[in-house]
A.B. asks: 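Attaching a single structure in structure tokens format; questions to follow.
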Amino acid sequence: MKNILFIFRKQLKDSLKNKAILIQFIMHPLIAAVMTLSVHIENMPENFFVYLFSPMYITMAPIVSMSSIIAEEKEKNTLRVLLMSNVKSYEYFIGIGGYIFLICMLGAAVFCVLGKFAGIEILYFMGIMAVGILTSIVIGGTIGTASKNQILNTSITMPVMLVLSFVPMLSQFNDVINNAGRVLYSQQIFNLINHTSTLDFKCESIIIIVVNILISAILFAVLYRKSKFA
Amino acid sequence: MKVIETFNISKQYRNTTVLDKINLEAGKGEIVGVLGPSGAGKTTLINILTGQIRADSGDAYILETSCVNLDCKIYSKIGIMMDSFGLYERLSVYENLKFYSQIFRISSNRIEYVLNKTGLYGARKTLVQNLSKGMKARLNLARAFLKEAELLFLDEPTSGLDPQTAQHIHGLIEEEKQKGTTVFLTTHNMHEAEKLCDNIALLCDGKIVEYGNPQKICSKYNYMNVIDITLKNGEKISLPNSPKSSDKIKQLVESESIKSIHSSEPNLENVFLLLTGKVLKQ
């Protein structure tokens with residue numbers, strides 16, 4: 001448990017000096033805030049920018065940050081040193097993942113404030129954001145584990161991130177994309193978030209998200225067993 | 001008690017044999033060196049001994065534990081300085097050591113001690129990304145020295161460093177030996193090996209071509225066994241290294257005509273060249 005805390009603190013110090021990671025956490029909440037406060041179009045749906053940017057945030061920030069932190073640690077051999085220094089793999093994963101989860105939940109709180117949610121709406125919105133962030137962290141961890149260096153990591157992360165974040169948005173305009181995208185957790189998160197004000201959620205969404213988490217976790221376990229973060 | 005023991009370790013990458021039936025051992029408080037040119041298999045050997053990779057055949061033990069079963073308990077007793085630094089570039093020197101002292105469960109007082117010993121105290125607030133290669137090597141070593149390890153693995157500890165820094169690091173390694181720490185070091189620097197090691201293995205193309213005490217190895221290959229004398233007038237003479245030459249040497253000493261006098265004993269570089277036909281340099 002102590003090691004998790006030490007890794008968490010180390011990562012916090014490190015990320016404050018790492019602009020590439022820092023920007024991932026700030027970008028979407030900031031853009032959503034600027035757009036919400038400055039853009040007012042007639043007949044624009046309520047909380048349009050919050051519902052648009054929050055699903056993008058949870059599919060981009062955790063995946064990019066988790067995968068790039070692991071890939072950088074592998075490339076610079078710091079992860080190898082750590083694993084030979086009284087740190088277990090799961091402690092490292094929870095330390096880094098826990099840090100990203102907390103920072104992303106702060107970002108989710110910003111969306112919550114922008115959406116002016118109240119009472120049960122806050123719980124509903126934050127709960128869905130938490131599930132989405134956790135799923136993305138596992139996916140980010142899987143990509144980081146599969147990548148031997150940062151260049152390879154970027155080339156895997158980019159297409160995965162673009163598909164997961166843009167399919168939900170594009171599915172609003174195209175039925176084919178909508179049908180294909182239903183199997184993605186990001187599409188289901190998008191649908192659930194868009195029903196925050198009505199608190200309406202379908203069991204199908206939950207099942208699809210759980211299946212996505214399971215597939216990601218299995219993939220991570222297989223890749224980890226193969227490479228052991230090496 | 002043997003701190004390091006290997007029995008016929010072999011390792012292949014694709015079809016290339018990197019290590020071929022390596023047998024080594026080191027007792028408590030000994031410095032064992034592996035001397036060889038780049039690509040000889042030195043780092044692979046360290047990686048096997050520290051459990052980072054597995055040998056294809058043979059057995060290796062450190063601290064009486066098989067190297068394929070090393071756990072946190074064993075890792076807490078060993079210090080490792082790898083060829084790649086593995087430091088957090090965006091953290092300062094102190095923050096790096098502080099983080100590892102927390103992981104090793106070591107008091108912060110030890111950080112000050114190690115910083116002073118490695119000459120890094122003045123640079124403790126400097127970010128690692130702003131350090132020179134020599135300073136990074138010192139920090140890498142400082143991290144290995146942070147815990148009072150029973151066994152230290154040092155992979156080319158002075159590679160690419162200036163002579164002054166290298167000498168400072170040699171002093172630190174000798175201090176650790178005095179404390180009873182066993183040191184396993186790899187190097188391609190014969191002076192370093194001769195100066196520090198109780199025993200060395202000359203490694204070439206994955207094979208140990210000679211193993212033993214450096215002085216004994218050099219004596220073993222002293223085939224010429226002569227004494228070379230340079231006189232003040234520039235004349236050079238070679239005399240057999242035997243009692244027969246004592247009168248002549250005495251005469252030269254008394255006449256104060258000797259400029260320099262050397263035995264013909266080869267150094268490790270010569271022995272390596274003799275045995276492998278290769279030079280030690282990178």
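Fair warning: this is a prediction, and the values are worked out from it, not measured in the lab. Throughout, a chain's letter reflects where its sequence line sits, starting with A, and its residues are numbered from 1.
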A.B. asks: Using heavy-atom distances under 4.5 Å, tell me whether A:L16 contacts chain B through its side chain, its backbone, both, or neither.
C.D. replies: neither
A.B. asks: Please classify the contact between A:E73 and chain B as side chain, backbone, both or neither, with a heavy-atom cut-off of under 4.5 Å.
C.D. replies: side chain
A.B. asks: On a heavy-atom basis, which atom in B:M82 and which in A:N77 lie closest, and how many Å separate them?
C.D. replies: CE-O, 4.4 Å
A.B. asks: Can you name the closest pair of heavy atoms from B:C72 and A:V87 and give their distance?
C.D. replies: SG-N, 4.5 Å
A.B. asks: Report yes if the side chains of A:L82 and B:Y100 come closer than 4.5 Å at any heavy-atom pair, otherwise no.
C.D. replies: yes
A.B. asks: A:M84 pairs by side chain to side chain contact (heavy atoms under 4.5 Å, CB included) with which of B:I74, B:I80, B:L70?
C.D. replies: B:I80
A.B. asks: Just wondering, are more than 12 heavy atoms of other shown residues or ligands nearer than 6.0 Å to CZ in B:R105?
C.D. replies: yes
A.B. asks: Sequence neighbours excluded, which residues qualify as side-chain contact (heavy atoms from CB on, under 4.5 Å) partners of A:P29?
C.D. replies: A:Y57, A:V110, A:F111
A.B. asks: Tell me, side chain or backbone of B:I103 under 4.5 Å from chain A's heavy atoms, or both, or neither?
C.D. replies: both
A.B. asks: Looking at every heavy atom in both B:F99 and A:F6, which two are closest together, and how far apart are they?
C.D. replies: CE1-O, 3.6 Å
A.B. asks: Any side-chain heavy atom of B:T50 within less than 4.5 Å of one from A:R80?
C.D. replies: no
A.B. asks: Looking only at heavy atoms, which of residues 109-143 of chain B get nearer than 4.5 Å to chain A?
C.D. replies: B:L127, B:R143
A.B. asks: Rounded at 0.5 Å granularity, tell me how far CZ in A:R9 sits from NZ in B:K98.
C.D. replies: 8.5 Å
A.B. asks: Within a 6.0 Å radius of atom CG on A:L106, are there more than 12 heavy atoms belonging to other residues, nucleotides or ligands?
C.D. replies: yes
A.B. asks: Verify the neighbour count for atom NZ of B:K21: are there more than 12 heavy atoms of other residues, nucleotides or ligands below 6.0 Å?
C.D. replies: no
A.B. asks: Would you indicate whether A:I23, at its atom CD1, is surrounded by more than 12 heavy atoms from other residues, nucleotides or ligands within a distance under 6.0 Å?
C.D. replies: no
A.B. asks: Please say whether more than 12 non-hydrogen atoms of neighbouring residues, nucleotides or ligands are located less than 6.0 Å from NZ in A:K2.
C.D. replies: no
A.B. asks: Quick one: does A:V81's side chain get under 4.5 Å of B:Y88's, heavy atoms only?
C.D. replies: no
A.B. asks: How many angstroms lie between CD in B:E89 and CG in A:N18, if you round to the nearest 0.5 Å?
C.D. replies: 11.5 Å
